[in-house]
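Working notes, beginning with the structure itself.
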2 protein chains.
Amino acid sequence: MSRRMKLDLLIILQKATELVDEHGLDQLSIGLLAEKLEVRPPSLYNHLDGLHELKQKLAIQGVKNLHTYMLQAAVGRSGDEAIRAISQAYIQFVREHPGLYDASTRFPNANDQALQHAQESVVHLVLRVLDTYNLQEEMAIHMVRGLRSILHGFTSIEQLGGFEMPLDINKSFTILINTFIEGIHAVTLNQNEN
Amino acid sequence: MSRRMKLDLLIILQKATELVDEHGLDQLSIGLLAEKLEVRPPSLYNHLDGLHELKQKLAIQGVKNLHTYMLQAAVGRSGDEAIRAISQAYIQFVREHPGLYDASTRFPNANDQALQHAQESVVHLVLRVLDTYNLQEEMAIHMVRGLRSILHGFTSIEQLGGFEMPLDINKSFTILINTFIEGIHAVTLNQNEN
DNA sequence: TGCCAAAACTAATCAGATTAGTTAAAATGA
DNA sequence: TCATTTTAACTAATCTGATTAGTTTTGGCA
């Protein structure tokens, strides 16, 4: 291993992703990351502006990756089946990349174009999935928010170890999504009465 | 103001609660807290074992307070109305005590008796509320997990500033809860077919 | 081959948490 | 009341981690 390790932002982000997914976002430090990359801590500052910026970059990666998972799951599916598929993709992503997902919820830089774009991609994907329900425009957005709340809430609590009772977590998830879908159907029927 | 500030754990927790609810959990530091209490940082160590323990104590407070809010909302109500009431209480608590709530999700000490007890109180309260639906035992727990996911997810995203579109957030919340309630009704009807 | 820019390095600084050891105030009790 | 004991403050010091300043090495290229 040569004394000079050729770093670049991509390599740094990859190693940081490994670290946060394995040890948790809060364990990410400049020192540990530098050690894993076999450089001295100050060297990292040649490639990024500090720990906080690094976390924001991870956040962007997280949203982009989440979108990719969901997009893959959605192709060729529609209606209830599509909702189930993107929901499964969401929970799968969080389970495989808990640190990245955590970064995307805790360190989103609202001013960052790339982040906003990635977030909008997810919203639009879900809106397309909901298209088949012919919801009124506003109602569709309320439902996107609802599904997002469900997915974020369930996965967050799972990651925190919050489901303590000895009862199959996957079943809870399936039932929750199905309950929501049933709810959409019911709301769709009543749509013109509100 | 006498040179000796008579501190105790209660006063410390009160001030820490103010700080986290006003400035965010991550802004809580021994230094800032000591400054607000007009003592030197090391003095706090006479009353607690460190910053981490302080956050765990805040977490317990958070769950206890949340339970109190929900309990107040639930008295005298049942069925759909009770679900709406405890949901409103939940979001109200998070809006009034964002830092405390954040602590309760990020720093729960799973070994702490007091915390476990408070968490169980919340679960049991929701189980009682769901009693009127005559769900099978397991299904009731799945639904508790579902409602909890919804409430945690929605309030977390709101706190993170995640609902960007110009659309009434309270309406989104009401619709989400109603959709879930409709879903419960549908699932209840199908209960014996699963 | 020698210059230049990039990117590493060492050394130093700064902030915050925490610990060690000291002292003042308050409480207790003869 | 006054001495003793305990509590809980204090100052000074240490440790960890992020960051900055300034220096040196290296690899590409004229």
Separation of atom CD in A:Glu38 from atom P in C:dA7, rounded to whole Å: 19 Å
Spacing between B:Glu53 atom CD and C:dT18 atom P, to the nearest angstrom: 10 Å
Footprint string (nucleotides 12-22 of chain D, 5' to 3'): B base within contact, S backbone only, - free, heavy atoms under 4.0 Å: B-----SBB--
Strand contacts (DNA chain D) in residues 16-27 of chain A, 4.0 angstrom heavy-atom criterion: none
Residue pairs involving residues 65-84 of chain B (criterion salt bridge (Lys or Arg N to Asp or Glu O under 4.0 Å); sequence neighbours excluded): B:Arg77-B:Glu81
With A:Glu158 via salt bridge (Lys or Arg N to Asp or Glu O under 4.0 Å) - residues at least two apart: A:Arg95
Any residue meeting ring pair (Phe, Tyr, Trp, His ring centres under 6.0 Å) with B:Phe154, in chain and number order, not counting sequence neighbours: B:Phe163, B:Phe173
Sequence neighbours excluded, every pair satisfying ring pair (Phe, Tyr, Trp, His ring centres under 6.0 Å) that has a member inside residues 52-81 of chain B: B:His52-B:Phe107, B:Tyr69-B:Phe93
Distance in angstrom units between B:Leu48 CG and D:dA8 P, rounded: 12 Å
Pair listing, salt bridge (Lys or Arg N to Asp or Glu O under 4.0 Å) test, anchored in residues 14-27 of chain B, at least two apart: B:Lys15-B:Glu18, B:Asp26-B:Arg106
Nearest-Å distance for atom pair CG/C1', residues B:Leu44 and C:dT18: 12 Å
Atom pairs and distances, side-chain donor-acceptor, residues 110-129 of chain A, under 3.5 Å, sequence neighbours left out:
{"residue": "A:Asp112", "atom": "OD1", "partner": "A:Ala114", "partner atom": "N", "Å": "2.7"}
{"residue": "A:Asp112", "atom": "OD1", "partner": "A:Leu115", "partner atom": "N", "Å": "3.0"}
{"residue": "A:Gln116", "atom": "NE2", "partner": "A:Ala110", "partner atom": "O", "Å": "2.9"}
{"residue": "A:Ser121", "atom": "OG", "partner": "A:His117", "partner atom": "O", "Å": "2.9"}
{"residue": "A:His124", "atom": "ND1", "partner": "A:Glu120", "partner atom": "O", "Å": "3.3"}

side-chain N/O A:Asn46 vs C:dA6 OP1/OP2, d < 4.0 Å: no
Residue pairs passing the salt bridge (Lys or Arg N to Asp or Glu O under 4.0 Å) test where at least one lies in residues 159-187 of chain B, sequence neighbours excluded: none
Ring geometry between B:His185 and B:Tyr133 (parallel below 30°, tilted from 30 to 60°, perpendicular above 60°): tilted
Distance below 4.0 Å between A:Ser43 side-chain N/O and C:dA7 OP1 or OP2: no
